[in-house]
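Atom set for the values below is all heavy atoms of this structure, side chains included, hydrogens, waters and symmetry mates excluded.
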Amino acid sequence: MLFNVFTTETLGIRNHIAIYIETDPTTDSGWLHHVTGTILNGMEYTPRPTRNPKELPEYVLDSQKRIATINEEDLGQFREECCLAVPPPRPQVTLGGKRLYPDIPLYRCGHWLKDIEELAFERGIFKRI
């Protein structure tokens with residue numbers, strides 16, 4: 001069975017971007033793949049089941065974009081070979097806002113998401129639509 005893969009955005013101090021895989025079209029639900037945390041404390045990969053993000057109050061209107069499909073049997077491979085293979089953003093600033101690694105550009109949730117998305121396409125886990 002093929003599942004639709006979307007990017008989606010929610011409101012926050014900085015808007016947050018994630019990958020949503022619709023695994024149950026009959027209930028309009030699936031899995032959100034994203035990192036949570038801050039560049040102060042670092043982030044961690046925290047997938048979770050969810051209803052369609054469009055139904056959440058923090059959803060950014062018109063932000064959900066269908067980017068690919070994925071075979072049901074490739075869901076584990078996506079998690080293991082993409083989401084867990086790309087390290088989440090580490091702490092990068094101090095409480096006072098000083099950068100810990102001034103010569104390295106900041107790496108946020110959107111950068112992490114782009115890296116796992118590119119890896120999933122490179123490995124053939126995501127299929128272009």
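Atom CZ of R14 is surrounded by 12 or fewer heavy atoms from other residues, nucleotides or ligands within 6.0 Å.
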Item to check | F3 vs E22, side chain to side chain contact (heavy atoms under 4.5 Å, CB included): CA-CA, chis, key distance, verdict | outcome: CA-CA 6 Å; F3 297 137; E22 182 185 53; 5.7 Å; no

Checklist entry - Y107 and D115: side-chain hydrogen bond (donor to acceptor under 3.5 Å, both in side chains), yes or no, with the steps? => result CA-CA 11 Å; Y107 186 74; D115 288 346; 2.6 Å; yes

Item to check | Verdict with supporting geometry, K127 and D74, side chain to side chain contact (heavy atoms under 4.5 Å, CB included) | outcome: CA-CA 11 Å; K127 312 294 188 258; D74 292 336; 3.9 Å; yes

Side-chain donor-acceptor distances from residues 37-49 under 3.5 Å, at least two apart:
| from | atom 1 | to | atom 2 | distance (Å) |
| --- | --- | --- | --- | --- |
| T38 | OG1 | L40 | N | 3.2 |
| T38 | OG1 | N41 | N | 3.0 |
| Y45 | OH | H33 | ND1 | 2.7 |
| T46 | OG1 | T36 | OG1 | 3.1 |
| R48 | NH1 | T50 | OG1 | 3.4 |

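A side-chain donor-acceptor contact under 3.5 Å links D24 to the backbone of T26. A donor-acceptor pair under 3.5 Å links the side-chain atoms of W112 to the main chain of V86, judged by distance alone.
Side-chain contact between T94 and L100 is present, with heavy atoms from C-beta onward closer than 4.5 Å. Considering only heavy atoms from C-beta on, P89 stays 4.5 Å or farther from H111 through its side chain. At least one side-chain heavy atom of E117 sits under 4.5 Å from a side-chain heavy atom of T7. I19 places none of its side-chain heavy atoms less than 4.5 Å from the side chain of H34.
Taken to the nearest 0.5 Å, the CD atom of E9 stands 9.0 Å off from the NZ atom of K65. Here the straight-line distance linking atom CD of Q92 with atom CZ of R108 works out to 7.5 Å at 0.5 Å rounding. Atoms CD1 and CG, on I21 and L32 in that order, are 9.5 Å from each other to the nearest 0.5 Å. Expressed to the nearest 0.5 Å, how far OG1 of T10 lies from OH of Y59 amounts to 10.5 Å. With rounding to the nearest 0.5 Å, the separation of CG in L75 from CD1 in I125 is 10.0 Å. To the nearest 0.5 angstrom, L113 atom CG is 11.0 Å from C82 atom SG.
Grouping the Ile, Leu, Val, Met, Phe, Trp and Tyr side chains by contacts below 4.5 angstrom, directly or via other members, places F6 apart from L56. There is a path of hydrophobic side-chain contacts, each under 4.5 Å, that joins I17 to I116. No chain of hydrophobic side-chain contacts below 4.5 Å, direct or via other Ile, Leu, Val, Met, Phe, Trp or Tyr residues, connects I129 to I67. When hydrophobic clusters are built by joining Ile, Leu, Val, Met, Phe, Trp and Tyr residues whose side-chain heavy atoms come closer than 4.5 Å, directly or via intermediates, L84 is grouped together with V5.
The minimum heavy-atom distance between D28 and E55, with the atom names listed, is OD2-OE2, 3.0 Å. Shortest non-hydrogen contact noted between L119 and E81 is CD2-O, 3.3 Å. G12 and N15 get closest at one heavy-atom pair: N-OD1, 3.5 Å.
For R128 and F121, the positive end sits near the middle of the six-membered ring, less than 6.0 Å away and at most 45° from its axis. With Y101 as the aromatic partner, R90 meets the cation-pi criteria of under 6.0 angstrom to the ring centre and within 45 degrees of the ring axis.
Counting only N and O atoms by type, the side chains of N4 and Y20 include no donor and acceptor under 3.5 Å apart.
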